[in-house]
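Step one of this worksheet: look at the structure below.
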Amino acid sequence: FAYDVVIIGDLDPRLLPPSAWQNIRGFLSEKGGGAVFIAGPKFLPAFDRENADVAALLPVKIDLSASAADRPAGVSRGFTVRPTPLGLQSPAFQLGDSRPETEKIWNSLAPLYWLYPAGDLKPGAQVLADGAGTPAICFQFFGPGRVLFHAVDSTWRWRAGGNESYFARYWVQTIRFLARAKFGKGRGAELTADRREYRRGETAQLRVRFLDPQLAPAGGEGKG
């Protein structure tokens, strides 16, 4: 519970006792921590179908008919991860100083070659990026905590072609974004902007989330 964000890769869940997964769940639901689950071809999330704690934390439903080794059509040719309109509003995805520049950078990043065929989204879950026609990066709130699910396992490829800074920027901003809930514990609401800096005269897109649904205005969005 002293940590801010936990990153879990393609880990065999049998290597950890059940109490470890229960602690991770409590880390989010009670302490407002952040977590990233990175899918892989061996274990995550294929071996987590019977792990109630992991299944509860993921923003997608685990497809019982799919294997982690399955590949969607066209993946053998590589695909580009592209943020959705919602993803372009997330602080973690701001790789440039403006939205057009950010979109250009994402389109220029190296292609990836593996993607877990995620199941249906859970209520309230959000798709922040697509790849090969299916969700690649998904997000959900879990109580006061935040959970990000990567259906791709090779973001290290983004470092190719001199793009080391964009790879680092994405992960640093992602960790900061996931840690904000814990840093902001005790506040009634949180306010985020669509990017880090603005020039005079530019329009800013702001999003407010009420951590306590009772504080949200009647009929307003963002109560979850």
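Closest of all the heavy-atom pairs between Pro59 and Val147 is CD-CG1, 4.2 Å. Between Leu28 and Ala35, the shortest heavy-atom contact is CD1-CB, 3.9 Å. Summarising the geometry of Asn51 relative to Pro13, their closest heavy-atom pair is ND2-CB, 4.2 Å, with the distance given to 0.1 Å. Closest approach of Arg82 to Asn107, counting heavy atoms only: NE-OD1, 2.9 Å. Of all heavy-atom pairs between Ala160 and Ala110, the closest is CB-CB, 4.3 Å.
Under the 4.5 Å side-chain criterion, counting only non-hydrogen atoms from C-beta, Glu103 is not in contact with Ser108. At least one side-chain heavy atom of Leu112 sits under 4.5 Å from a side-chain heavy atom of Val81. Within the 4.5 Å cutoff, the side chain of Asp153 has heavy atoms near those of the Pro41 side chain. Pro45 has its side chain within reach of Leu58: a pair of non-hydrogen atoms, C-beta onward, lies under 4.5 Å apart. Side chains of Trp171 and Thr155 form a contact here, defined as non-hydrogen atoms less than 4.5 Å apart. Arg157 is listed as a side-chain neighbour of Tyr113, based on a closest heavy-atom distance under 4.5 Å. For the pair Phe37/Leu44, a side-chain contact is recorded, criterion being any heavy-atom separation below 4.5 Å from C-beta on. In this structure, the side chains of Leu109 and Thr80 stay at 4.5 Å or more apart for every pair of heavy atoms.
In this structure a side-chain-to-backbone donor-acceptor pair under 3.5 Å is missing from Asp130 to Gly133. Without hydrogens or angle criteria, Gln140 side chain to Gln126 main chain gives no donor-acceptor distance under 3.5 Å. Thr84 contributes a side-chain N or O that, together with a main-chain N or O of Val127, makes up a donor-acceptor pair within less than 3.5 Å. Judged purely by atom type and a 3.5 angstrom limit, Gln94 uses its side chain to pair as donor or acceptor with the backbone of Ser90. The main-chain N or O of Ala92 is found under 3.5 Å from a side-chain atom of Gln173 such that the two form a donor-acceptor pair.
Put simply, CZ on Phe43 and CG on Asp12 are 4.0 Å apart, with the number rounded to the nearest 0.5 Å. Here CG of Asn23 is found 12.5 Å from CZ of Arg25. Values are rounded to the nearest 0.5 Å. Leu11 contributes atom CG, which lies 12.0 Å from atom NZ of Lys42 (distance to the nearest 0.5 angstrom).
Each of Ile24, Ile38, Val36 was checked for a side chain to side chain contact (heavy atoms under 4.5 Å, CB included) with Ile8, and the lone residue meeting it is Ile24.
Remark: Lys122 NZ is packed, more than 12 non-hydrogen atoms of other residues, nucleotides or ligands lying under 6.0 Å away.
For Tyr170 and Trp158, the gap between ring centers is short of 6.0 Å. For Phe93 and Trp106, the ring centers are positioned less than 6.0 Å apart. Here Trp114 and His150 keep their ring centres 6.0 angstrom or further from each other.
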- [ ] Show your working on side chain to side chain contact (heavy atoms under 4.5 Å, CB included) between Tyr166 and Arg159 and close with a plain yes or no.
- [x] CA-CA 7 Å; Tyr166 297 136; Arg159 302 168 66 181; over 6 Å; no

- [ ] Evaluate the side chain to side chain contact (heavy atoms under 4.5 Å, CB included) criterion for residues Leu128 and Cys138: first the C-alpha distance (whole Å), next the side-chain angles of each, then the deciding distance (0.1 Å), finally the verdict.
- [x] CA-CA 6 Å; Leu128 301 184; Cys138 304; over 6 Å; no

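Hydrophobic clustering (ILVMFWY, side-chain heavy atoms < 4.5 Å, transitive): Val172 and Leu148 are in distinct clusters.
Between Tyr116 and Phe149, the angle of the ring planes goes over 60°, which puts this pair in the perpendicular group of the 30/60° scheme.
Because its NZ or CZ atom is both nearer than 6.0 Å to the ring centre of Phe177 and within 45° of the ring axis, Arg146 counts as a cation-pi partner of that residue.
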